[in-house]
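What follows is one structure encoded as structure tokens, with my remarks underneath.
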There are 2 protein chains.
Amino acid sequence: MIPKSSYPGDQKILRVVSINVNGLRSSVTKGLLEWMEKSDADVICMQESRITHAQWTDKFKPEGWYTHLFPAERPGYAGTAIYSRLPFVSITDGLGFELADSQGRFISAEFDLGLDKPAHICSLYLPSGSSGDEAQARKDHFLEEYKKILKQWRDEDKSIIVCGDYNIVHKRIDIKNWSGNQKASGCLPHERAWLDHIYYELGYVDTFREVRKEAELYSWWSNRGQARAKNVGWRIDYQACSPDWKDRTVNAWVYKDEWFSDHAPVIIDYKLN
Amino acid sequence: MIPKSSYPGDQKILRVVSINVNGLRSSVTKGLLEWMEKSDADVICMQESRITHAQWTDKFKPEGWYTHLFPAERPGYAGTAIYSRLPFVSITDGLGFELADSQGRFISAEFDLGLDKPAHICSLYLPSGSSGDEAQARKDHFLEEYKKILKQWRDEDKSIIVCGDYNIVHKRIDIKNWSGNQKASGCLPHERAWLDHIYYELGYVDTFREVRKEAELYSWWSNRGQARAKNVGWRIDYQACSPDWKDRTVNAWVYKDEWFSDHAPVIIDYKLN
DNA sequence: CTTGCTAGG
DNA sequence: CCTAACAAG
């Protein structure tokens, strides 16, 4: 972990974390809250919180954090959350279509970071398509609906960081077993083309890849077999940003020293001045 | 544990164990098979095996044991099993009524022990009534049907040991919290009267109590709270025998040094000569 | 293989 | 509070 204090004294840094927690209750038993304290993060976007408001008791809301949870209607399923050291100007739950809104798959938090525009930092949990054709169809529907919204935000020139589990690898470099997964959900050509579109046509920026060009940087490993020990991983957790964040990106890494989930935290430092 | 070798050399002993394993797979991870090896048991009757034939792989059938499983139709639910050092002459699954037979609640194994009659050693898992009125009604129905069969076996003068989880305490001495459980399933007056009937009217013998007169000997403890640590238990696991076994009963105890389940093994030694 | 739900105990 | 099934990932 790079402490924020290691930057020059006049350098103002915004540290943003994306993590699919695979059950907030489970990840907390594995030390997530303690890691958050030492992470120097300003904003932490979580996916798969899998907790209802009733279950989200005070022990999940530590001192010093502004918190917001958007659960799925179905208990124990999906859901997103945002924890922040900075106060929210406003919070918006959902994207305005059923699949996103009933399953708690998107939160947008607006912040005043002293920049020319308000900054929107979002937590996105894109559906998995891996459990069959119907699941893939739902994922594809989500992609279609969400693409329209992403287009609109670009038209508005909105300043935005969308942290999330996209459940899609972008390129060959983003997955260990490329050839073996050509027919696997998350690595399908039309899914990767969707990422091409939002990055190359709409102009969003994969800020992690902007500063980290190496291979073998993944954010998710299957629980089956020895995937984790052998680093047989997929990079499917991104921070997709509007272009104004591109040149602000100063550092990015995956935290793998501890294990809170089957996904690892993806941490990105953005300079604010 | 009393080794069988501690009896005089000419004393032939039949050691019979009854244990509700609360999931054979779970109890095996807790060392049940290793305990069986050192138990000196001849016959072990299990209840709540909660395993299908497909799941009952070779690792559950150790060398040197004759084994038989009678699972419920519903996976992971109820079921009985018998493990024996002695070969079975024959095995009969069920009691001839739906509730017993579809839920794997009774196995009878016939043995040739060199006595004047064949010996039947059985594993019985009586339904619990604790989850509500319908469950209690099913339990009561089982008691009614099973009572007829017990009567018939006495009329036939059948030699039988019915090991099992009866889910009923007999008397005040058989439960720590007598007054607090007068309305609890398992301690209801009509259930205890059923045991009175089979012992005092039909002449079956509670062989454990025949040789162990002390209080505070229990076979089941709730998982909730500190029931086990405080010995807040119930004696609901019995070996109910035809009268010919009464004077053969030489020793009986509950094994509590290790924990394989929420029930403890009830071990009874019978002399054969 | 893992989380969390549900039913049953 | 524990076991196991189940759905989902």
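In what follows, every chain begins at residue 1, and chains take the letters A, B, ... in the order their sequences are listed. Values below: every heavy atom of this structure, side chains too, minus hydrogens, waters and symmetry copies.
Nearer the 5' end of DNA chain C, as judged by each residue's closest nucleotide, is the contact made by A:N223, out of A:N223 and A:R25. Of the residues near DNA chain C, B:R138 and A:G225, the one whose nearest nucleotide (by heavy atom distance) lies more toward the 5' end is A:G225.
Nucleic acid contact class of B:Q55 (heavy atoms, under 4.0 Å, all strands): sugar-phosphate only. No engagement by B:Q226 is indicated, since no non-hydrogen atom pair under 4.0 Å with the nucleic acid exists. Across all strands, B:D262 comes closer than 4.0 Å to no nucleic acid atom at all (heavy-atom distances). Using a 4.0 Å heavy-atom criterion, one finds that A:K30 contacts the sugar-phosphate atoms exclusively.
Using modelled atom types and a 3.5 Å distance limit, the side chains of B:Q136 and B:S185 yield a donor-acceptor pair.
The outermost nucleotides of DNA chain C lying under 4.0 Å from heavy atoms of chain B, listed 5' to 3', are C:dA7 to C:dG9.
Of all heavy-atom pairs spanning B:I82 and B:I121, the tightest one is CD1-O, 3.6 Å. Listed here is the closest heavy atom pair of B:L195 and B:Y166: CD2-CD2, 4.3 Å.
Note: CG (A:D165) to C1' (D:dG9) measures 10 Å, nearest angstrom.
With salt bridges taken as basic N to acidic carboxylate O contacts below 4.0 Å, none links A:D174 and A:R192.
One can find a donor-acceptor pair under 3.5 Å joining the base of D:dG9 and the side-chain atoms of A:R224.
Relative ring orientation between B:F97 and B:H141 is described as perpendicular, the plane-to-plane angle rising above 60° on a 0-90° scale split at 30° and 60°.
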Practice problem: Show your reasoning for whether ring-ring contact (aromatic ring centres under 6.0 Å, His included) applies to B:H170 and B:Y238. | Solution: CA-CA 10 Å; B:H170 189 198; B:Y238 305 112; 7.3 Å; no
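For D:dG9, the OP1/OP2 oxygens have no side-chain nitrogen or oxygen of A:S130 closer than 4.0 Å.
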